[in-house]
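Just follow the structure's listing: the first ligand is 1, and inside any ligand the first atom is 1. One is the number of the first residue; the rest follow in order along the sequence. Note that the structure is predicted; figures quoted are calculated from it, not measured.
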Amino acid sequence: MKIPPTLSTVLSNLFKKPATNMFPKTEPVPTPEGFRGKLVYDVDKCIGCKLCVTVCPAGVIEFVPEIKKVTFWLGRCVFCAQCVDVCPVNALEMSKEFLLATYDKYDDNLRWLKNEEIEEMIEAQKSK
Ligand code: SF4
Ligand code: SF4
């Protein structure tokens with residue numbers, strides 16, 4: 001009797017190692033070069049030019065005039081990297097971090113320059 005082609009494929013695959021990545025028991029699949037993960041903000045480099053606020057299509061970035069810096073609400077970010085490309089001082093970078101699930105859209109992990117940090121910076125400016 002002739003074995004149907006599908007059956008022979010199934011039989012040969014029975015003896016092969018599974019090709020499944022067992023995440024989270026194992027590490028996730030490595031991210032490729034140029035992967036756009038969580039945005040990283042270097043507040044010290046930022047010159048407050050607001051170009052990132054202008055290009056962001058998702059309303060993630062808010063200018064804080066008191067300190068001439070920006071704050072990011074990353075729960076809205078669509079990972080387009082337009083802000084990274086436009087920043088004249090390379091204060092922004094897309095990291096490889098992508099495990100960002102949370103129950104709270106205001107999670108600390110989804111915010112750059114949190115309210116407390118903004119307040120501290122304003123206080124520091126006043127005391128100068
Ligand atoms: S990556 Fe895109 S959506 Fe996210 S903050 Fe930058 S410009 Fe906005
Ligand atoms: S584009 Fe860069 S320097 Fe300008 S406000 Fe945004 S992060 Fe700061």
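- Atom 2 (Fe) of ligand 2 has its closest protein heavy atom at Cys87 SG, 2.4 Å.
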Begin from the C-alpha positions of Asn109 and Thr102 and carry the test side chain to side chain donor-acceptor pair (under 3.5 Å) through to its verdict. CA-CA 9 Å; Asn109 192 34; Thr102 172; over 6 Å; no
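- Side-chain atoms of Tyr41 come within 3.5 Å of backbone N or O of Val70 as a donor-acceptor pair.
- The nearest protein atom to atom 4 (Fe) of ligand 2, hydrogens excluded, is given as Cys49 SG, 2.3 Å; this is a heavy-atom distance.
- If you check which protein heavy atom lies closest to atom 3 (S) of ligand 2, you get Ile47 N, 3.4 Å.
- Around atom 4 (Fe) of ligand 1, the protein contributes the following N, O or S atoms under 2.8 Å, ordered by chain and number: Cys77 SG.
- Using a cut-off of 2.8 Å, one finds that Cys46 contributes no N/O/S atom close to atom 4 (Fe) of ligand 2.
- In this structure, the side chain of Thr71 engages the main chain of Trp112 through a donor-acceptor pair within 3.5 Å.
- When the shell of 6.0 Å around NZ of Lys114 is examined, it contains more than 12 heavy atoms from other residues, nucleotides or ligands.
- Within the 2.8 Å limit, Cys52 places no N, O or S atom next to atom 8 (Fe) of ligand 2.
- Stacking of Lys50 on the aromatic ring of Phe63 is recorded, both the 6.0 Å distance cut-off and the 45° axial limit being met.
- Counting heavy-atom neighbours within 6.0 Å of Tyr106 OH, excluding the residue itself, gives a total of 12 or less.
- Of the possible polar contacts, none joining the Arg36 side chain to the Met94 backbone as a donor-acceptor pair under 3.5 Å is found.
- Those atoms of ligand 2 with a heavy atom of Val89 less than 4.0 angstrom away are 3 (S).
- Numbered from 1 in the order shown, with element, the atoms of ligand 2 that lie under 4.0 Å from a heavy atom of Lys50 read 4 (Fe), 5 (S).
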Applying side chain to side chain contact (heavy atoms under 4.5 Å, CB included), run through Ile67 and Gln125 and close with a yes or a no. CA-CA 8 Å; Ile67 50 173; Gln125 266 186 6; 4.0 Å; yes
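- Under a 3.5 Å cut-off, the side chain of Lys38 and the backbone N or O of Lys96 do not form any donor-acceptor pair.
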